[in-house]
Amino acid sequence: MYGAMKVAIGGPLKVAFRPWVEGLENIPAEGAAILASNHLSFSDSFFLPAVLDRKVTFIAKAEYFTTPGVKGRLTAAFFKGVGQLPVDRSGARGAGEAAVRSGIEVLERGELFGIYPEGTRSPDGRLYRGKPGGLARVALATGAPVIPVAMIDTEKIQPPGQVMPKLMRPGIRIGKRLDFSRYQGMEHDRFVLRAVTDEVMYEIMKLSGQEYVDIYATAAKRRIADAAKAAKAAEKAKEAKESDEPGRTDEEPAT
């Protein structure tokens, strides 16, 4: 199914958007490897596999696979076809453990495992702090090399609120493999996990040219949402105050 879906989706994507790629030679022809990428758009999980000869398996939230009805079954078939694995995100720790197990299973089969260390899409195009729970633990548990990847301009293709995608050329830069075998067996040491994750994020930053923000993207999204909510509340308060004020007139009093 993956091959058929790649032809059906990857082919048209490459023809329509003509993504440019640098560093394809850094993808091994065989054997396990982790592709650690920045995350700018929903389309990242489609553009990257489209330009590679090998299958890449990403993880996706379980809701994509469990929605009832015809539409739900079609959605589940689509995500399975493009190499996505369901992960239950009902609990933060449970989601992390499920992602680690899924990644290890993929790599033990000698395949490519794709992961977004930021944990979610960037809210503003900047690069955010990587979460150490998934990427580093999978890398140290399996000994698989980590290949940093930078998606370029994919967020500009279909910004929030835009229905039709913009036909433009996104880019993909693939860096050289990073070997963390010196830390193997230390996947439960939080300082090692942090060091591994930060090294990968630094390489992604160099490839992407993004501004780095040393907070988690989830925290940034909360701040943006809180700021928007506060601004909306302030605007409502201003409108309420103006509506309560007595009417004014520019007419001069009669003499």
Take atom [atom1] in [X]; do more than 12 heavy atoms of anything else shown fall under 6.0 Å from it?
| X | atom1 | answer |
| --- | --- | --- |
| Tyr202 | OH | no |
| Asp53 | CG | no |
| Arg223 | CZ | no |
| Glu239 | CD | yes |

By side-chain hydrogen bond (donor to acceptor under 3.5 Å, both in side chains), which residues pair with [X], not counting sequence neighbours?
| X | result |
| --- | --- |
| Thr154 | Asp44 |
| Lys156 | Asp153 |
| Arg194 | Asp198, Tyr216 |
| Gln210 | Asn38, Ser208 |

May I ask you to decide if [Y]'s main-chain N or O and [X]'s side chain share a donor-acceptor pair within less than 3.5 Å?
| X | Y | answer |
| --- | --- | --- |
| Arg177 | Pro145 | no |
| Arg173 | Glu22 | no |
| Arg54 | Gly31 | yes |

* **side chain to side chain contact (heavy atoms under 4.5 Å, CB included) between Phe42 and Gln158, intermediate numbers included** => CA-CA 9 Å; Phe42 177 77; Gln158 193 170 13; over 6 Å; no
* Donor-acceptor pair between Thr120 and Lys221 side chains, under 3.5 angstrom -> yes
* Does anything in residues 12-33 pair up under ring-ring contact (aromatic ring centres under 6.0 Å, His included), and if so which pairs, sequence neighbours excluded? -> Phe17-Phe47
* To do: With side chain to side chain contact (heavy atoms under 4.5 Å, CB included) as the test, would you mind laying out the steps for Ile27 and Leu35 before giving the verdict?
  => CA-CA 9 Å; Ile27 301 294; Leu35 305 185; 3.7 Å; yes
* How far apart are the C-alpha atoms of Arg129 and Tyr212, what are their side-chain angles, what is the distance that settles it, and do they pass the side chain to side chain contact (heavy atoms under 4.5 Å, CB included) test? -> CA-CA 8 Å; Arg129 194 181 197 201; Tyr212 179 76; 3.5 Å; yes
Between [atom1] of [X] and [atom2] of [Y], what distance do you get to the nearest 0.5 Å?
| X | Y | atom1 | atom2 | value |
| --- | --- | --- | --- | --- |
| Arg18 | Met168 | CZ | CE | 11.0 Å |
| Glu108 | Phe113 | CD | CZ | 12.0 Å |
| Ile34 | Leu135 | CD1 | CG | 6.0 Å |
| Ile204 | Ile147 | CD1 | CD1 | 12.0 Å |
| Ile115 | Lys131 | CD1 | NZ | 11.0 Å |
| Arg190 | Arg137 | CZ | CZ | 14.5 Å |

* Kindly indicate, with the supporting measurements, whether the criterion side chain to side chain contact (heavy atoms under 4.5 Å, CB included) is fulfilled by Leu40 and Arg121. => CA-CA 5 Å; Leu40 297 172; Arg121 280 174 277 175; over 6 Å; no
Are [X] and [Y] joined in one hydrophobic group, where the rule is that I, L, V, M, F, W and Y side chains link up if heavy atoms are under 4.5 Å apart?
| X | Y | result |
| --- | --- | --- |
| Leu207 | Leu48 | no |
| Ile174 | Tyr116 | yes |
| Leu167 | Ile157 | yes |
| Leu112 | Met151 | yes |

* Apply the test salt bridge (charged side-chain N to carboxylate O under 4.0 Å, His left out) to residues Glu235 and Lys238: give CA-CA distance (whole Å), side-chain angles for both, the deciding distance (0.1 Å), then the verdict. => CA-CA 5 Å; Glu235 183 63 25; Lys238 181 182 178 182; 5.2 Å; no
* Step by step, would you call Arg126 with Glu211 a salt bridge (charged side-chain N to carboxylate O under 4.0 Å, His left out)? -> CA-CA 5 Å; Arg126 297 185 293 177; Glu211 177 186 348; 3.4 Å; yes
Do [X] and [Y] have side chains that get closer than 4.5 Å, going by heavy atoms?
| X | Y | result |
| --- | --- | --- |
| Ile172 | Ile152 | no |
| Gln184 | Leu140 | no |
| Phe180 | Val200 | yes |

* Taking the hydrophobic residues Ile, Leu, Val, Met, Phe, Trp and Tyr, and joining any pair whose side-chain heavy atoms are under 4.5 Å apart, which ones share a cluster with Tyr128? -> Val213, Ile215
